[in-house]
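The structure under discussion appears below in the form of structure tokens.
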Amino acid sequence: MNLDSNPSVKRRTKRMCSGQRNNVCLYLTTRSYGCSVNCAGAIQRRNMGFLRKLVCQESTKFQKVWTKHSKSPIVYERGRIYFDNYRCCFNSVTSEPHHLYELPKCSKLEKIEDALLCECPVGEILLKPSDYKPSLIVVTGHNWLLRLSANTGETLEKIYLGSYCKFRYLTWDVPQETIVAKSSQKKLTALEQRAGSQQHGLLYLAVFKILPLSLMGMLEINKNIFGNCVTDATVAHGMLIVTYSVGLVKLYSFQWIMEQFMEQRLDLGQACNWSGMAGIVGDFPFGIPCNIKITDTPPLLFEVSCLENSFQIGGYPWHYIITPNKKKDKGTYHICSLSNNVLANNGIQDMKCCSLESDWIYFHPDTSSRIIHVGPNKINVLKLKEVETNSQQHQIEEDFVILAKRETKVNRLVTVTASGRVVKKRFEQLDDDPEQETFKVVDYEDELDLLSVVAVTQTDTDGSAHIDFYSNENGKLLKSIRLIESWDVTYNHEVYFDRDTVIHIEQKPNRLFFCYIYKMICNTGEK
């Protein structure tokens, strides 16, 4: 049949292209006719809109399709499940997880310590064909930084970091652009301690650009420069962040530090002569010399005192969240402007929870300048707004609230005094009473624009959990699914919602880890 010559098809196509009917089947038919926006981003957004409708419709179910256990921690990252210290990888995108690859067995000294999943940048011309595919950047126990194919485990690049310290951690400086390899903290041997030696060097940081993988610099955090109370440091968002045992957090410009204190620029693979030793940068056994030597305290960008070094930056314009550096203020959060330290109007948030576990707060990952404050029975989604009469001042307003489904109970205690008088005491239950529904996990699915919330109720020895999907725009409940396996509140749990998949990772006693996978199942018996 010639579609172009059929008037009824033309009318139907025109109606569907005009968007008069918000129906998934009609949109898909429209796409088959070629009547769609010629833009990859628009097509992707529309496809995710289709999937969101399918996920949230009443007839859709989530069915447990796969379970696997391990004696080592299980890690989930963007459709991939890693076992045995990243040695074994499964793909969870398919209807049932399937085995992608398994790296050769190695000794404990050579095992992978930490890893980051690197996606291909959009719209950039890269040097190698392998750069256009996702890769896993890992640091091993014997100080190798490796870039592995995320699909096959093949080693694409390898860099030897050096033998003067043990690198154990990987973090993003700028997500998908620059990474930081951090060493474990130096410690004096028993012999050095008895001799009264002092350890001035705390740790090393190696910063790399990715795709192509190139060295920005290696630096040491030294107590002679930053003070004896320094406890940790990292590089994030272009800033060197240093924390102290007294609760201080200090921020310095990493770019300024590189420009002022870099002794020599080093390129991976280049011949180098350093302190009388010759070798190739990034090759074994030469490694990477510490080419940034900070000889004086850099200019301070920002300093704040907070409890347990808990410090977050986010929002627009930039604000930060801290708890004042006093134990009595635990559970109280201050939201202040980063530019002038001014507390936002209504910027003190305190749920006044009566619970064993404290509430938590963080900037919404959707870059909407909102803030999520999670308590045992309440989730406050707050928005940061400019004060109408003062553009330099901001205020915190409630966007919406999600409440746990629970009944208010009052327990009665009856006691008898020595004289025989009966005294009745009344007290409210704890906010995180395990017999009442309690929020345990809150996550954001960015592609479907949904908030996923895990709520748990403990009865006797068993606990039951369900995941609720809420609209990220207004907090409306759209879907609820139940987890089949019991939930013990004394175990550690992680729950992820990724498109049509729910991943539940549980740590039981004796270092036994379980991974449960649920997949979306559409009821084909209904239209």
Side-chain angles (χ1 to χ4, degrees), residues 62-92 96-117 136 138-142 153 166-171 184-185 187 308 355-358 360 376 430 432-435 437-443 452 454-467 481-498 501-519:
F62 277 78
Q63 179 179 325
K64 186 194 285 190
V65 298
W66 194 75
T67 301
K68 185 174 175 63
H69 70 273
S70 171
K71 291 185 178 180
S72 60
I74 301 171
V75 178
Y76 175 79
E77 186 73 36
R78 297 180 194 172
R80 294 173 176 83
I81 311 168
Y82 296 97
F83 295 85
D84 195 12
N85 300 111
Y86 294 93
R87 196 176 66 84
C88 181
C89 178
F90 284 78
N91 183 354
S92 67
E96 183 174 320
H98 70 270
H99 187 258
L100 271 181
Y101 65 82
E102 187 166 339
L103 301 176
K105 290 185 177 182
C106 60
S107 67
K108 288 185 178 181
L109 293 177
E110 299 173 331
K111 71 180 179 68
I112 294 174
E113 298 282 357
D114 203 358
L116 294 173
L117 186 62
L136 190 70
V138 307
V139 61
T140 68
H142 56 327
K166 181 176 176 59
F167 286 89
R168 294 192 61 181
Y169 312 102
L170 286 178
T171 57
S184 55
Q185 296 190 8
K187 294 182 179 179
E308 299 172 350
S355 58
L356 298 178
E357 296 183 8
S358 61
W360 69 96
L430 289 173
D432 59 351
D433 186 334
E435 294 185 357
E437 183 175 274
T438 304
F439 295 134
K440 293 296 184 181
V441 180
V442 178
D443 196 12
S452 61
V454 178
V456 178
T457 305
Q458 186 88 11
T459 56
D460 297 329
T461 57
D462 291 330
S464 62
H466 59 88
I467 305 177
I481 62 174
R482 187 177 67 88
L483 298 182
I484 297 176
E485 62 275 6
S486 63
W487 183 295
D488 191 318
V489 295
T490 63
Y491 299 165
N492 291 326
H493 299 264
E494 297 175 32
V495 178
Y496 304 93
F497 171 49
D498 195 347
T501 308
V502 171
I503 304 95
H504 175 202
I505 298 173
E506 177 184 35
Q507 180 183 356
K508 294 186 176 183
N510 302 319
R511 289 186 60 80
L512 191 59
F513 299 83
F514 281 81
C515 179
Y516 312 97
I517 301 294
Y518 291 77
K519 281 289 182 177

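The basis for the numbers below is simple: all heavy atoms, side chains too, and nothing from hydrogens, waters or symmetry mates.
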Using residues 108-117 as the side-chain source, report each donor-acceptor pair under 3.5 Å to any protein atom, sequence neighbours left out, with the distance given to one decimal.
from: Asp114; atom 1: OD2; to: Leu170; atom 2: N; distance (Å): 3.0

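Here the NZ-NE2 distance, from Lys166 to His142, works out to 9.5 Å after rounding to the nearest 0.5 Å. Rounding to the nearest 0.5 angstrom, the gap separating the SG atom in Cys89 from the NE2 atom in His98 is 9.0 Å. Considering CD1 of Ile503 and CD1 of Ile74, their distance stands at 12.0 Å, rounded to 0.5 Å. Taken to the nearest 0.5 Å, the OG atom of Ser72 stands 8.5 Å off from the CZ atom of Phe83. One finds the OG1 atom of Thr438 at 10.0 Å from the CD atom of Gln458 (value rounded to the nearest 0.5 Å).
Nearest heavy-atom pair, Tyr169 versus Val139, reported as atom, atom and distance to 0.1 Å: N-CG1, 4.3 Å. Minimum interatomic distance between Tyr86 and Leu103 (heavy atoms only, all atoms of both residues): O-CD1, 4.0 Å. Minimum heavy-atom separation, Thr457 to Glu437: OG1-CA, 3.5 Å. Across all their heavy atoms, Thr501 and Ser92 have their closest contact at OG1-O, 3.9 Å. Here the closest heavy-atom approach between residue Ile467 and residue Val495 is recorded as CD1-CG1, 3.7 Å.
Side chain of His99 to main chain of Cys88: no donor-acceptor pair is present (N/O by atom type, distance under 3.5 Å, no hydrogens or angles). Although no hydrogens or angles enter the test, the distance criterion places no donor-acceptor pair under 3.5 Å between the side chain of Asn510 and the main chain of Leu512. Listed for the Ser184 side chain is no donor-acceptor partner under 3.5 Å among the backbone atoms of Arg168.
When the options Trp487, Tyr496, Phe497, Tyr491 are evaluated for a ring pair (Phe, Tyr, Trp, His ring centres under 6.0 Å) with His504, the one that passes is Trp487. Results of the side-chain contact (heavy atoms from CB on, under 4.5 Å) test with Tyr518 over Arg482, Gln63, Lys64 single out Lys64 as the only residue that passes.
Using a 4.5 Å heavy-atom cutoff, the side chains of Glu96 and Lys519 are not in contact. Side-chain contact between Leu483 and Tyr516 is absent, with no heavy atoms from C-beta onward closer than 4.5 Å. Between Arg87 and Pro104, every side-chain heavy-atom pair lies at or beyond the 4.5 Å cut-off. Contact annotation: the side chain of Asp84 never approaches that of Ser70 to less than 4.5 Å [non-hydrogen atoms, C-beta and beyond]. At a threshold of 4.5 Å between non-hydrogen side-chain atoms, the residues Ile81 and Trp66 count as touching. For the pair Arg511 and Lys71, the minimum side-chain heavy-atom distance is 4.5 Å or more.
For Asp498, the side chain to side chain donor-acceptor pair (under 3.5 Å) criterion is met by Tyr76, not counting sequence neighbours.
Counted by atom type alone, Glu77 and Tyr82 present zero donor-acceptor pairs between their side chains at under 3.5 Å.
Aromatic ring pairs are classed by plane angle as parallel below 30°, tilted from 30° to 60° and perpendicular above 60°; the pair His69 and Phe514 is tilted.
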